[in-house]
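Heads up, the thing below is written out as C-alpha cells.
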Amino acid sequence: MPAFSSVHCFGEAKMKFTIVFAGLLGVFLTPAFANYNININDDGNSNGSGQQSVSVNNEHNVANVDNDNGWNSWNSIWDYNSNFAATRIFHKKACVVHRINKDVVPSLQALEALVKEKKLQGKGPGGPPPKSLIYSINPHKVSDLDQFGQSISGMCRGVPTYMAEEMEGPSLFFDLEVCFNANIFSILKISFCGEIAN
C-alpha cells in the first residue's frame, strides 16, 4: 500500500506540474498570438494605393488597415465585436462608419490568413478578383460615437463622422469615379459615395 501511495503522489505532482507549465506557457504565448502585423508595399503603385499595413489584434477582435499614400491616405478599423467598421479619410478630415457585411468581409482569421498569403506571394494578387462593396454616405453627422465601440470612437473622436449604408449594386445616383475608394490589397474594394466623398 505505501508503494501505491508514493506512486499516486508522484503522479499527482506530475499532473500539477503539467497544469502549471501549460498555464505559464499560455501566459507567455498569448501576447505572441494576440497581435499580428504585416506591411505590404504596392511596388508599382499601379492603382495609386500606396503602401498598406494590416494589424490584427485577436485579443480584442479588431483589424486595423493603414493606407499611406500622401494626400489620399486613410485608416480603417474593423471591430468584429461591435460589428462596425470605420474609415478615416485624412484629406476630407472625416470618418465614415458602416456595418460589417459578414457575407463579403472576411472574418478576422480569414483576413489574417489572406494577408499572410499575400505577403508570401510578393507581387500580384494571384487569386480571384476582389469583392466589392459600395456605400452611400448619410450627410448628417453622427452624435454618439460610443455606440460603435471603443476602437472606432477613439479613432473618430474630434473628427466629423458620418454613417454609410451599403447599396446593392451600382447606383444611378452616383458616378463611381467620384466616390472615395478604400481598397484593401486585392481582397476587397470599398467605395464611399456621397456629398463628403466628392
Side-chain angles (χ1 to χ4, degrees), residues 35-57 60-80 82 84-101 104-106 108 111-112 114-119 121-125 129-142 145 148-167 174-198:
N35 298 312
Y36 182 80
N37 297 307
I38 192 165
N39 293 315
I40 297 182
N41 189 19
D42 180 7
D43 294 331
N45 202 17
S46 56
N47 296 323
S49 60
Q51 180 175 341
Q52 290 189 349
S53 63
V54 173
S55 303
V56 172
N57 186 314
H60 294 107
N61 264 350
V62 170
N64 184 17
V65 182
D66 284 309
N67 187 83
D68 185 8
N69 189 24
W71 184 246
N72 290 317
S73 295
W74 52 266
N75 176 257
S76 280
I77 288 182
W78 298 352
D79 187 333
Y80 290 84
S82 70
F84 282 102
T87 299
R88 185 169 178 171
I89 307 168
F90 290 105
H91 75 279
K92 292 291 180 183
K93 297 180 181 157
C95 267
V96 179
V97 180
H98 60 89
R99 289 201 170 275
I100 294 175
N101 180 336
V104 179
V105 175
L108 197 63
L111 175 66
E112 187 174 358
L114 285 166
V115 170
K116 285 179 183 176
E117 180 183 301
K118 171 79 174 158
K119 177 70 174 177
Q121 286 173 359
K123 296 181 182 178
K131 295 181 178 180
S132 295
L133 291 170
I134 302 170
Y135 290 92
S136 172
I137 303 170
N138 185 327
H140 302 290
K141 292 178 188 174
V142 172
L145 289 174
F148 305 123
Q150 188 177 1
S151 298
I152 291 173
S153 66
M155 181 178 79
C156 295
R157 192 155 320 280
V159 177
T161 302
Y162 304 89
M163 194 70 194
E165 295 292 326
E166 185 179 348
M167 300 187 318
F174 297 111
D175 177 0
L176 294 181
E177 290 182 11
V178 296
C179 297
F180 181 83
N181 297 308
N183 299 331
I184 290 71
F185 310 122
S186 54
I187 299 170
L188 194 59
K189 288 186 171 187
I190 300 176
S191 298
F192 296 110
C193 305
E195 206 172 293
I196 74 149
N198 293 331

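In this chain, numbering begins with 1 at the start of the sequence shown. Only a predicted model underlies this, so the values are computations on that prediction, with no experimental measurement involved.
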*What's the shortest heavy-atom distance between His98 and Met163, and which atoms?*
CA-CE, 4.2 Å
*Any side-chain heavy-atom pair from Val142 and Val97 closer than 4.5 angstrom?*
no
*asked:* Taking CD in Gln150 as the centre, count heavy atoms belonging to other residues, nucleotides or ligands within less than 6.0 Å. Is the count above 12?
replied: no
*To the nearest 0.5 Å, tell me how far Met155 CE sits from Asn75 CG.*
5.0 Å
*Do the non-hydrogen side-chain atoms of Phe148 and Asp79 ever get within less than 4.5 Å of each other?*
no
*Minimum heavy-atom distance Leu111-Ala63, with the two atoms named*: CD2-CB, 3.5 Å
*Drop me the distance from Tyr162's OH to Ile89's CD1, to the nearest 0.5 angstrom.*
10.0 Å
*Just how far is it from atom CG of Leu133 to atom CE of Met167, taken to the nearest 0.5 Å?*
11.0 Å
*Would a 4.5 Å heavy-atom cut-off, applied to side chains only, mark Ile77 and Val62 as touching?*
yes
*Would you say the side-chain atoms of Thr161 pair up with the backbone N or O of Val159, donor to acceptor, closer than 3.5 Å?*
yes
*Ignoring hydrogens and geometry, is there a side-chain-to-backbone donor-acceptor pair from Asn138 to His140 under 3.5 Å?*
yes
_For a quick test of reading the model, state the closest non-hydrogen atom pair linking Gln52 to Asn183 and the distance between them._
NE2-O, 2.6 Å
*Heavy atoms only: give me the nearest Val96-Ala164 pair and the separation to one decimal.*
CG1-CB, 3.6 Å
*Determine whether Ile190 and Leu188 make a side-chain contact, defined as any pair of heavy atoms from C-beta on separated by less than 4.5 Å.*
yes
*Where is the tightest heavy-atom contact between Tyr80 and Leu108, given as atom of each residue plus distance?*
CE1-CD1, 3.5 Å
*Closest approach of Phe84 to Ile100 (non-hydrogen atoms, all atoms of both residues)*: O-CD1, 3.6 Å
*Roughly how far apart are Asn72 CG and Phe90 CZ, rounded to 0.5 Å?*
12.0 Å
*Fit a plane to each ring of Phe180 and Phe192, take the angle between them on a 0 to 90° scale, and name the class: parallel (under 30°), tilted (30 to 60°) or perpendicular (over 60°).*
parallel
*Output the distance between atom NE2 (His91) and atom CG (Asn69), rounded to the nearest 0.5 Å.*
10.5 Å
*What's the spacing between Ile134 CD1 and Ser132 OG if we round to 0.5 Å?*
6.5 Å
*asked:* What I'd like to find out is whether the side chain of Ile187 reaches to under 4.5 Å of the side chain of Pro106, using heavy atoms alone.
replied: yes
*Verify side-chain contact (heavy atoms from CB on, under 4.5 Å) between Ile184 and Trp78, making sure each step is shown before the conclusion.*
CA-CA 12 Å; Ile184 290 71; Trp78 298 352; 3.9 Å; yes
